[in-house]
Amino acid sequence: MDFEDLVRRRKMTRSFSDLSVDPSLLRHVLDQARRVPSAGNSQGFDFVVLEGAETSDYWDVSLPAERRETFKWKSLLEAPVIVTIWADPDAYLERYSEEDKVSTGLGKSREAWSTEYWLVDGAFSAMALQYAAINAGLGVLFFGMFDKAPAIARALNVPPGRVPVGTVAIGWPESSGEEDGKSVNRERRPLDAVARNGIVHFGGW
Ligand SMILES: Cc1cc2nc3c(=O)[nH]c(=O)nc-3n(C[C@H](O)[C@H](O)[C@H](O)COP(=O)(O)O)c2cc1C
């Protein structure tokens, strides 16, 4: 698939078949996702990957049995792969304390950062993961951990201090006729800001 096709075909999948993803294909997708740019080349993000029956370690904590009945996207629970992405702020403080970066002052504290680059880099990796998976014919859904993040971190043995970026469900897309949800019907904002509500402000806002 060329890049333009990939960009146009990209959309979230909320309904998966129960077919597994070949471990070598999954490794290939994960390998592409780690090749993103990162501030100071800090690479301060980690993926915790659950496959097959292991995915219940995620769902048991994030969607307890009593909430499943009313959960709208039931076949999301069929996704054969769940990847949680965690950012590591300390990796950035350490990197920016090194000789070539110490003058920035960013090694001192998280508060010194006007933009939290660990989240930027973690989000870049999440996007690369999604594009790599879609390029391989797989479907993905990026979604949040919300207030369940601490419990998910405990269940998956995530070290203290890691910040949740989000979860990417990966699997083979299957049409279930389930509704996509209200957000999907929102129109894409136009390119030029001269149009009402456009995104790109050429020459200044
Ligand atoms: C940061 C972020 C959080 C999201 N959280 C959820 C979520 O919790 N549940 C969900 O169904 N979709 C979630 N989505 C998917 C969005 O609803 C979706 O990307 C948006 O409606 C546009 O649809 P498309 O990606 O299919 O083009 C999230 C997307 C992003 C980028």
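Indexing begins at 1, ligand by ligand and atom by atom, following the structure's order.
Here the two rings, on W113 and Y96, have centers that are under 6.0 Å apart.
For residues 122-147, no pair satisfies side-chain hydrogen bond (donor to acceptor under 3.5 Å, both in side chains), with sequence neighbours left out.
Atom 21 (O) of ligand 1 is approached by the protein to below 4.0 angstrom, counting heavy atoms only. Of the protein's heavy atoms, at least one falls inside 4.0 Å of atom 7 (C) of ligand 1.
Taking only non-hydrogen atoms, the option from F142, W73, F143 nearest to atom 30 (C) of ligand 1 is F142. Among M127, K11, R14, the residue whose heavy atom lies closest to atom 10 (C) of ligand 1 is R14.
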| request: Start with the C-alpha gap between E98 and K101, add the side-chain angles, then the distance that decides, and say whether salt bridge (Lys or Arg N to Asp or Glu O under 4.0 Å) holds. | output: CA-CA 5 Å; E98 288 175 17; K101 294 285 190 194; over 6 Å; no
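A side chain to side chain donor-acceptor pair (under 3.5 Å) with R95 is found for exactly one of N41, D100, D90, namely D100. Each of E4, R10, K11 was checked for a side chain to side chain contact (heavy atoms under 4.5 Å, CB included) with R8, and the lone residue meeting it is E4.
Proximity to F146 (heavy-atom distance under 4.0 Å) selects the following atoms of ligand 1: 8 (O). Listed by number with element, the atoms of ligand 1 under 4.0 angstrom from any heavy atom of R188 are 27 (O). Remark: ligand 1 atoms within the under-4.0 Å shell around heavy atoms of R10 are 24 (P), 25 (O), 27 (O). Shown in contact with L141 at under 4.0 Å from a heavy atom are these atoms of ligand 1, numbered in order with element: 12 (N).
When hydrogens are left out, the protein atom nearest atom 26 (O) of ligand 1 is M12 N, 2.8 Å; that is the closest non-hydrogen contact.
Residues R68 and D60 are paired through a salt bridge, judged by an N-O separation under 4.0 Å between the basic side chain and the carboxylate.
Relative ring orientation between F143 and W59 is described as parallel, the plane-to-plane angle staying below 30° on a 0-90° scale split at 30° and 60°.
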